[in-house]
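Note that these values count all heavy atoms, side chains included, but never hydrogens, waters or copies made by symmetry.
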Amino acid sequence: MAAKQWANRLGSSVDPMDKYPSIDDLERRARWRIPHFAWEYLASGTGSERALDRNVAALQEVTFVPELLKGLISPSTEVELFGVKYAAPIGVAPVGMTGLIWPGADTSLAKTAAANRIPYVMSTVGTEAPEVTGPLADGMGWFQLYPPREDDLRADLIRRAADAGFTTLVVTGDVPAASRRERQRKARVRVPPKIGPALVARAATRPAWSMGVLRNGMPRFRVLEPYIDEATMAKTAGFVGASLGGTLSWRYLEEVRKLWDGPLVLKGVLNPDDAEKALEAGADSVVVSNHGGRQLDGSVASIDALPAIVDRIGSRAPVLFDSGVRSGLDVARAVALGASFVFAGRAFMFGLGALGDDGADHAYRILHDDLVNVMHQTGCVRLDELPSRLAT
């Protein structure tokens, strides 16, 4: 979106890039625009949150040696993946309970993906139906599958994703059980939110979020509601716990492969042996990820796991990456270490929390502009030149 359009939308003559030029700026603003319980759900990790911090810190250790005197260059960020051309190797990672963080988040993310020609991965536990977001994503939609325990439910979710226009199926493998997420417990994050004086008071101090809830309704797991009689939020939350996860195996992945005709990706891989097994089971790619530091506090940083997995399977399959991405420089770092594509979850949600429905578009603008600038600074016209600029 052009700067003038942005200014008009936000009722200001100032380009938002001048007020919020970084994802960190969006994070700070979002913290004061969404209720405490929603913020704690979005920003928290698990345990002492060392894995969350480790993801960010390890990325910052990846540095470049610029090549200069390249003359006038025009860096290209366009990339092809699974036969689709994307504007940049930047995608929206799946986030659960999106409507709790920002009302109407899923439709905003889908529209951002379509407008910018980048992939948007919708979560099984997102808060809009795939039949709504799929068409809005206009061919940019991917669907993330939390593995259902029942065969019929699995088959129907996969069918609905395909019928709604989602092109790629992402199976999340790094949640063998729910993590403890102590910070969320202390913040009393509940699904559904417990309506009481504390929640009402917190919502009252966040008027933009509250108005969004009035427009969009309380967040609901709309993906799963068709499978539940009288689908209240409480019943649906119980259904999630009873019906999803805990059963994923290599055989299960092989069965998913038979049900899905498009590209199949296994998300949450940190071990090169698991990456190898994923390809043997029929996956077309893996996402190197530790779930944003939300599952195992003692987990290796995702960026530290990336090179070994690229070495093992990178010549045969694209290797994707997420966890800890807060800038276009982080995108460049992951690409330089062999990632074919880089996904961010919190960064886009910070954008929505900070600026409302257009905030995801602004988050993408930050990431993309920063990536282009890094390419200028290092003297790279093409993304495949970034590995040669790594400091050794």
Is there side-chain contact between [X] and [Y], with at least one heavy-atom pair below 4.5 Å?
X: D358; Y: L355; result: no
X: V310; Y: L337; result: no
X: L352; Y: S108; result: yes
X: V121; Y: K267; result: no
X: F82; Y: S285; result: yes
X: S123; Y: Y146; result: yes
X: P148; Y: S243; result: no
X: V331; Y: P89; result: yes

Tell me if a side-chain donor or acceptor on [X] pairs with a main-chain N or O of [Y] at a distance below 3.5 Å.
X: R181; Y: R294; value: yes
X: R346; Y: G292; value: yes
X: Y41; Y: G96; value: yes
X: T124; Y: Q144; value: yes
X: R160; Y: E131; value: no
X: R154; Y: R149; value: no
X: R257; Y: W260; value: yes
X: Q295; Y: A177; value: yes
X: S299; Y: A51; value: no
X: D370; Y: G328; value: yes

Start with the C-alpha distance between V381 and M375, add both sets of side-chain angles, then the distance that settles side chain to side chain contact (heavy atoms under 4.5 Å, CB included), and finish with yes or no.
CA-CA 7 Å; V381 177; M375 294 176 73; over 6 Å; no

Above 12 or not: heavy atoms from other molecules or residues under 6.0 Å from [atom1] of [X]?
X: D152; atom1: CG; answer: no
X: D273; atom1: CG; answer: yes
X: E78; atom1: CD; answer: yes
X: R50; atom1: CZ; answer: no

Drop me the distance from [X]'s [atom1] to [Y]'s [atom2], to the nearest 0.5 angstrom.
X: D322; Y: N290; atom1: CG; atom2: CG; answer: 8.0 Å
X: L367; Y: L329; atom1: CG; atom2: CG; answer: 11.0 Å
X: S327; Y: D24; atom1: OG; atom2: CG; answer: 8.5 Å
X: I118; Y: T112; atom1: CD1; atom2: OG1; answer: 7.0 Å
X: L279; Y: D284; atom1: CG; atom2: CG; answer: 8.5 Å

[Y]/[X] salt bridge by N-O under 4.0 Å criterion:
X: R180; Y: D297; value: no
X: E255; Y: R251; value: yes
X: E276; Y: R316; value: yes

Of V171, V223, T167, which meets side-chain contact (heavy atoms from CB on, under 4.5 Å) against F143?
V223

Closest contact, heavy atoms only, [X] versus [Y]:
X: N55; Y: G293; value: ND2-N, 3.6 Å
X: A363; Y: G351; value: CB-CA, 4.5 Å
X: L100; Y: P219; value: N-CB, 3.7 Å
X: A334; Y: F321; value: CB-CD2, 3.7 Å

Aromatic contact, W102 with F350 (centres under 6.0 Å)
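Not under 6.0 Å, so no.
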
Working note: D138 + R117, criterion side chain to side chain contact (heavy atoms under 4.5 Å, CB included); need CA distance, chi angles, decisive distance, verdict.
CA-CA 9 Å; D138 191 25; R117 310 311 293 168; 3.3 Å; yes

Parallel, tilted or perpendicular: which describes the rings of [X] and [Y], with under 30° parallel and over 60° perpendicular?
X: F37; Y: W209; value: perpendicular
X: H362; Y: Y20; value: perpendicular
X: Y86; Y: F341; value: perpendicular

Modelled atom types, side-chain donor and acceptor of D106 and T127, under 3.5 Å
yes

Donor-acceptor side-chain pairing of D361 and N116 below 3.5 angstrom
yes

Can you check side chain to side chain contact (heavy atoms under 4.5 Å, CB included) on L136 and K111, steps first, answer last?
CA-CA 6 Å; L136 289 175; K111 291 175 182 177; 4.2 Å; yes

Would W250 and D274 count as a side chain to side chain contact (heavy atoms under 4.5 Å, CB included) if you check the C-alpha gap in whole Å, the side-chain angles of each, and the deciding distance to 0.1 Å?
CA-CA 10 Å; W250 297 115; D274 284 346; 3.7 Å; yes

